[in-house]
Amino acid sequence: MADTIRVHPDNSRCLSWRGRARFLHGSTEHYGAVVNAAFDYERYLDTLAADGLSLTRAFTFYRSLETSLGPELGYANTLAPRPERYLAPWARTQATGDVGADGLPKFDLDTWDERYFARLRGFLAAAAAHGVVVELVLFCNAYDEARWQHLPLHPASNVNGVGTGMAAPRDFGSLVDPSVVHHQRRLVEKLVAETNAFDNLYYEICNEPGYTRDGVPQPEVVRDWQRLLATTVRETERALPKRHLVAVNPHLLLPVREPETPTEVRVAVLDDGFYWHDPGIDLLNVHYLSHRLPREGLHHAYPGGARPRAPAYRFGQIAPFVALRAPAGKPLGFDEDYGGIVQGQPPRPEQKRLEAWEALLGGCATYDHLDFTFTTDDPTGAAAGAIPTGLPRAWLDGRALRRQFSYVVAYANSLDLETLRPDLLMVQQTPWNVGAVAARTTGATGNGGGGRPIVAVYLADLRRVEEGFGSTALGGRLSLGGLPPGSSFAVRALDPKTGEWQDLPGVAASDWGEVRREVPAFHEDVLLHLAPAE
């Protein structure tokens, strides 16, 4: 019996699966692979596997509406199935006159729909065969009344009278309505029992949970609810053969300073501290990680449209964000990034590439790109299906970006991930307009052992688009410190856009453990790999 994915025993920053340390890298369709019966998940998984990608997220029953993400995607959004193609864990009633918010018969929450569970098991089995881990997201923020009405636990969509005690969509992620909580726990028990046999699986309690009343965040409400559901997972697994990781997605922001002037931005912190110290939680997933200052909350605004160097996006913030939380001894996943396309904003593939490399060398256990190029009509993400009106065809072709992701994966697989450690102090000087993230590994594989480090330094253009991002070549003096005095290194450079390697002249550390070298001219980004010279 294969072991399930676990936190690596020697490096809590990464995960272990099928006998070795893993950096899980995904480019995930918008989470509707199970609930959208019109989506061909086999072709989708074939596409992921072709680029060596090893992670996907899937929602269990939440669905968007055709207009939830703006008018552009419509039913091309895999999480917005047409009503007749929506699969939920519960069966619809046979009474044709008693219809729900979607115009179809309401759901009977006392009756499971076995077609749904057959599709769920089929999806997990296909993912396992492709070497893909599934983050199964048990619940999702209901967000607003329109979306909430279309979910089976809303009283307008079920015949059981469930949900009448909820005053607002926010109550879905709380213990306010016992009838809702009862069916939430019952669903968790059913899902855990149905999926226990799979090794390529871990659970996330809820996507983007939050609870605010009268403008005041109430984190204890969300914590109590998530703890109850995490406990439900644990209790259900006690009678089953396998144990799976339980993740949470801290998303609520807690204000720490009120504005003193009309133009001042209020500072808020992410409500993640409680979960780092909760023994019932194994993994923490954070969304839009590169938009967060290490000690602050979310900066996710795109005035005039998203840009790879927008004020909301900060290259180099991932490593310190992770480092501040490393003492808690739990892995952190970069679980969703800005995917472009929605709300009429263009995709920024170069930003996604930068984020993926930052996530690997910055100490994340996972990086998952939200990939809207996978549509209901085209599960290969190659702009081969019908293109929604108003969207350029090129926006729905994700092949080039996923190929670039494959270079991240290949490099991660070449490293001794169990000994990989980000090093915030190694880079002492960079060329002008260049940022850097560095890590080292001291494992035996591929470097001859002896504790000699392999060093990875990822360099990226810090200029915004309007300041010339990628428009002119960058290069110049790079200085690294803290290396073994007198040690010699062979140096190679990887072009993250093409995957091409180039051998560079070797370098040697000074008696102070410092390495200095000129970085060859590059556009946008470059990876330098320093290995002990033979």
Side-chain angles (χ1 to χ4, degrees), residues 2-9 12-17 22 24 26 28 31 34 55-62 89 120 124 127-128 133-141 172-175 181 184-210 219-252 270-287 325 328-336 364-366 368:
D3 290 334
T4 56
I5 188 166
R6 313 305 300 163
V7 178
H8 196 282
S12 62
R13 290 182 179 87
C14 69
L15 302 173
S16 178
W17 184 48
R22 305 275 184 155
L24 298 182
T28 300
Y31 316 142
V34 176
L55 178 65
T56 189
R57 296 180 85 208
F59 285 5
T60 59
F61 72 91
Y62 172 85
L120 173 61
L124 292 172
V133 171
V134 176
E135 177 187 304
L136 190 63
V137 184
L138 302 176
F139 300 98
C140 180
N141 191 324
F172 181 79
S174 75
L175 303 178
V181 175
Q184 288 171 338
R185 295 193 69 194
R186 186 167 174 260
L187 176 62
V188 170
E189 293 168 349
K190 176 68 170 175
L191 289 167
V192 169
E194 291 282 344
T195 61
N196 185 259
F198 295 96
D199 73 315
N200 61 319
L201 169 73
Y202 61 91
Y203 304 108
E204 181 181 88
I205 299 299
C206 185
N207 176 72
E208 299 186 348
E220 66 282 352
V221 172
V222 179
R223 296 169 188 167
D224 288 345
W225 178 71
Q226 295 211 103
R227 172 173 278 181
L228 176 65
L229 296 174
T231 300
T232 303
V233 173
R234 305 294 190 195
E235 290 176 345
T236 305
E237 286 196 328
R238 285 177 188 164
L240 299 170
K242 292 185 182 295
R243 304 289 180 268
H244 296 84
L245 298 183
V246 175
V248 295
N249 170 210
H251 201 68
L252 190 64
L270 183 67
D271 180 35
D272 63 336
F274 171 83
Y275 300 108
W276 287 109
H277 300 287
D278 186 342
I281 302 303
D282 302 304
L283 168 68
L284 275 77
N285 291 326
V286 180
H287 290 189
R325 292 153 177 82
K330 293 181 181 179
L332 186 152
F334 187 162
D335 206 36
E336 180 178 299
C364 292
T366 71
D368 195 14

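Here the structure is a predicted model, which means the values were calculated and not measured.
Asn249 and Glu336 form no side-chain donor-acceptor contact under 3.5 Å, judged by distance and modelled atom types alone. Residues Asp199 and Trp17 have side chains that bring a donor and an acceptor to within less than 3.5 angstrom of each other.
Between Lys190 and Pro89, the closest side-chain pair of non-hydrogen atoms is not below 4.5 Å. Proximity of Asp282 to Tyr202: side-chain heavy atoms (C-beta onward) are nowhere separated by under 4.5 Å. In this structure, Arg22 and Val133 have side chains that are not in contact, with every pair of non-hydrogen atoms separated by 4.5 Å or more. Annotation: side chain of Asn141 is not in contact with side chain of Asn207 (no heavy-atom distance under 4.5 Å). The closest side-chain heavy-atom distance from Gln184 to Thr232 is not below 4.5 Å. Two residues are said to be in side-chain contact when any heavy atoms from C-beta on lie closer than 4.5 Å; Tyr31 and Val137 fail this criterion.
Contact detail for Asn200 and Ala128: the closest heavy-atom pair is ND2-N, 3.0 Å. Of all heavy-atom pairs between Ala365 and Arg13, the closest is CB-O, 3.2 Å. Scanning all heavy atoms of the two residues, the minimum distance from Leu284 to Pro250 falls at CD2-CG, 4.1 Å. Residues Val246 and Ala230 share a closest heavy-atom pair of CG1-CB, 4.0 Å. Nearest heavy-atom pair, Gly333 versus Leu283, reported as atom, atom and distance to 0.1 Å: N-CD1, 4.0 Å. Residues Leu252 and Gly210 approach most closely at CD1-CA, 3.9 Å, considering heavy atoms.
For the atom pair His251 NE2 and Leu270 CG, the distance stands at 8.5 Å (nearest 0.5 Å). Distance check: Ile5 CD1 to Leu55 CG gives 8.0 Å after rounding to the nearest 0.5 Å. Note that NZ of Lys330 is 13.5 Å distant from CZ of Arg325, once rounded to the nearest 0.5 Å. The distance from atom CZ of Arg227 to atom CG of Asp278, rounded to the nearest 0.5 Å, is 4.5 Å. Here the CZ atom belonging to Arg234 is positioned 9.5 Å from the CZ atom belonging to Arg243, to the nearest 0.5 angstrom. The CH2 atom of Trp225 sits 6.0 Å away from atom CZ of Phe139, with the distance rounded to the nearest 0.5 Å.
Asp335 places no side-chain N or O within donor-acceptor distance of the main-chain N or O of His287, the cut-off being under 3.5 Å. Side-chain N or O atoms of Thr60 include one that pairs as donor or acceptor with a backbone N or O of Leu138 at under 3.5 Å. Using a distance-only test at 3.5 Å, with no hydrogens or angles considered, a donor-acceptor pair links the side chain of Glu237 to the main chain of His244.
Partners of Thr195 by side-chain contact (heavy atoms from CB on, under 4.5 Å), not counting sequence neighbours, listed by chain and number: Leu120, Leu124, Leu136, Phe198, Leu201, Tyr203. For the side chain to side chain donor-acceptor pair (under 3.5 Å) test, residues two or more places apart in sequence or in another chain that qualify with Asp271 are Arg223.
Glu135 pairs with exactly one of Thr28, Asn285, Thr366 by the side-chain hydrogen bond (donor to acceptor under 3.5 Å, both in side chains) rule, that one being Asn285.
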task = Would you check, one step at a time, whether the test side chain to side chain contact (heavy atoms under 4.5 Å, CB included) holds for Val192 with Leu240?
result = CA-CA 9 Å; Val192 169; Leu240 299 170; 4.0 Å; yes
ask   = Does the side chain to side chain contact (heavy atoms under 4.5 Å, CB included) test come out yes or no for Val188 and Val233, once each step is laid out?
value = CA-CA 7 Å; Val188 170; Val233 173; 3.6 Å; yes
request  = Run the numbers on Leu229 and Arg185 for side chain to side chain contact (heavy atoms under 4.5 Å, CB included), then give the verdict.
outcome  = CA-CA 7 Å; Leu229 296 174; Arg185 295 193 69 194; 4.1 Å; yes
